[in-house]
Amino acid sequence: MSVSRFIAAAILATALILPHADAGEVAFSERRSGSTFMAPETQAMQSNDTANPGMLGVLDGATLWGKTIGAAEKSCASCHNDASTSMSGVAARYPAFDDTLKRPVDLEQRVNLCRVDHQRAPPLAYESRELLALTALIGRQSRGLPIAGGTDPRLTPFVDKGRATFMRRQGQLNLACTNCHDDNWYKRLAGSAITQAHPTGYPLYRLEWQGLGSLQRRLRNCMVGMRAQPYDADAPEMVELELYLMSRARGMPIETPAVRP
Amino acid sequence: MLAVAAMLGLSRAALADALRPYAIVDDAIPLSLTGADGDPARGRAVVLLRQNTCLLCHSGPFPEQRFQGDLAPNLQGTGSRWSGGQLRLRMVDASRLNPATIMPSYYRIDGLQRVAEPLRGRPILSAEQIEDVVAYLATLRDQPGKHE
């Protein structure tokens with residue numbers, strides 16, 4: 001078979017057999033949370049607060065929220081009072097534009113900016129127990145609320161950059177996020193559901209991790225799978241990718257702390 | 001320790017420079033990359049080894065393998081559908097045939113972005129492994145063959 005005939009046949013086969021292939025972004029009406037791909041047992045674990053291991057992080061976060069720290073001798077509660085009121089809906093609109101930095105910051109960065117600027121305390125390490133606990137507590141206050149990522153018009157260029165990263169092939173396997181999560185989300189990679197990559201429940205408890213983890217940790221897992229050089233935690237590309245994913249999931253309910261396999 | 005690291009560094013550099021040349025004819029690479037025939041039994045082992053990524057996307061006649069992917073065609077009957085040369089090009093660089101394919105190029109080091117540092121300049125599989133897999137896939141006939 002000649003190359004041109006092969007390509008023509010491949011295009012035809014693609015059009016006939018794979019209705020989703022190269023269809024671009026997941027259609028609005030087709031969007032599904034990762035939780036809908038899970039076994040009923042895992043869904044039950046997420047929806048029952050006494051069985052959801054992520055709730056331990058939320059409780060941990062509630063303790064930290066009231067703890068006085070730093071040279072300013074302030075707790076989170078000193079300024080923000082009751083998290084269940086003041087933090088309602090906050091996680092649903094992060095990453096958010098920072099007026100001083102003139103760029104989006106994610107929830108982890110916001111907590112650390114607060115610590116450094118207002119509490120005069122050292123920033124927390126990424127993926128540390130404390131930072132995961134505080135972001136789990138804050139995220140929990142948005143559970144059930146619709147994601148509102150990227151609605152601030154100042155974020156638009158950063159959403160676009162995140163989208164470009166999502167579409168760009170990378171790594172030794174030369175794959176882009178979109179190849180799996182837009183074009184093949186309904187299939188299985190080895191035994192596992194691929195899913196549409198909507199960040200509805202971060203930080204979440206992943207059974208594979210046996211612990212809570214951030215969206216950045218999950219993104220890094222995928223990049224390692226593609227055999228790509230992972231971005232540093234503070235790399236603008238990571239926040240842009242988080243922002244794009246939150247804008248892509250706009251309107252879907254927050255599940256934090258979610259449980260995933 | 002340093003001597004070992006130096007040796008590894010050297011062999012990696014040597015490997016990077018030593019992707020063997022090949023010629024594409026129509027939609028095939030007719031000639032073996034190594035000049036020799038591959039070994040089907042070794043090729044089966046290469047396909048089944050998780051780190052080689054085949055079964056992440058493909059399934060096939062491997063009843064003992066519990067987790068197989070369905071992003072790509074079942075490998076059963078591959079040898080009836082394609083010649084050895086066609087299989088070789090599809091392994092080496094399937095993007096030459098379909099730029100939109102999700103099949104990685106298993107014997108290519110150029111035109112890639114942000115490859116993990118320890119893997120830069122290295123193909124996913126060696127020329128010998130490619131030949132072994134080509135030899136194995138050729139045995140996967142629509143009629144069950146001896147390697148199934």
Side-chain angles (χ1 to χ4, degrees), chain A residues 1-15 17-18 20-24 164-165 167-194 219-220 222-232 235 237-238 241 261, chain B residues 16 24-29 48 50-60 62 65-74 81-83 85-86 89-90 93-125:
Chain A
M1 192 191 293
S2 73
V3 173
S4 59
R5 275 188 58 203
F6 173 82
I7 291 172
I11 291 169
L12 186 64
T14 300
I17 300 164
L18 301 171
H20 300 278
D22 291 326
T165 301
M167 302 295 170
R168 190 183 306 129
R169 287 182 184 249
Q170 55 178 313
Q172 193 188 38
L173 301 189
N174 201 27
L175 293 169
C177 311
T178 185
N179 292 143
C180 279
H181 299 293
D182 283 328
D183 296 342
N184 288 294
W185 56 262
Y186 50 95
K187 294 185 184 167
R188 296 181 88 80
L189 186 68
S192 304
I194 288 173
L219 293 175
R220 221 165 265 120
C222 262
M223 289 173 188
V224 168
M226 297 190 282
R227 304 190 179 183
Q229 185 67 26
Y231 291 97
D232 293 336
E237 288 90 345
M238 289 304 279
L241 206 42
Chain B
I24 298 174
V25 180
D26 291 334
D27 71 334
I29 300 173
L48 295 195
R50 292 273 150 191
Q51 69 187 53
N52 291 330
T53 73
C54 309
L55 296 191
L56 288 178
C57 292
H58 290 282
S59 55
F62 324 112
Q65 294 293 320
R66 192 164 160 217
F67 298 114
Q68 304 180 28
D70 66 356
L71 280 99
N74 189 301
R81 292 195 288 277
W82 310 107
S83 70
Q86 288 174 318
L89 178 54
R90 280 153 184 77
D93 192 359
S95 71
R96 298 250 196 175
L97 299 167
N98 172 16
T101 187
I102 57 169
M103 170 87 170
S105 301
Y106 283 83
Y107 198 65
R108 170 180 152 194
I109 54 175
D110 64 309
L112 305 172
Q113 300 182 69
R114 294 192 63 79
V115 175
E117 198 281 329
L119 303 173
R120 278 177 207 158
R122 307 179 67 184
I124 303 170
L125 296 178

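Just so it is clear, the values below take in all heavy atoms, side chains as well, and ignore hydrogens, waters and symmetry mates. Note on naming: letters A, B, ... go to the chains in the order of the sequence lines (proteins, then strands), and numbering restarts at 1 for each one.
With a 4.5 Å cut-off on non-hydrogen atoms, B/Thr101 touches chain A through its backbone but not through its side chain. When heavy atoms are compared at a cutoff of 4.5 Å, B/Arg66 does not approach chain A at all. Heavy-atom distances place the side chain of A/Leu175, and not its backbone, under 4.5 Å from chain B. In this structure, chain A has heavy atoms under 4.5 Å from both the backbone and the side chain of B/Leu56.
A 4.5 Å side-chain heavy-atom check between B/Ile102 and A/Asp183 finds every atom pair outside the cut-off. Residues B/Arg120 and A/Gln229 meet the side-chain proximity criterion, which asks for heavy atoms closer than 4.5 Å.
Atom CZ of B/Arg122 is separated from atom CZ of A/Arg227 by 9.5 Å, given to the nearest 0.5 angstrom. Taken to the nearest 0.5 Å, the CZ atom of A/Arg168 stands 8.5 Å off from the CZ atom of B/Arg114.
Comparing B/Gln65, B/Met103, B/Arg50, B/Gln68 by how many heavy-atom pairs each has under 4.5 Å with chain A, the most go to B/Gln68.
Between B/Leu71 and A/Cys180 the shortest heavy-atom distance is CD2-SG, 4.3 Å.
Put simply, the side chain of A/Gln172 never gets that close to the backbone of B/Val115: no donor and acceptor are under 3.5 Å apart.
Applying the side-chain hydrogen bond (donor to acceptor under 3.5 Å, both in side chains) criterion to B/Tyr107, with sequence neighbours excluded, gives no partner residue. Every residue two or more places apart in sequence or in another chain was checked for a side-chain hydrogen bond (donor to acceptor under 3.5 Å, both in side chains) with A/Arg188, and none qualifies.
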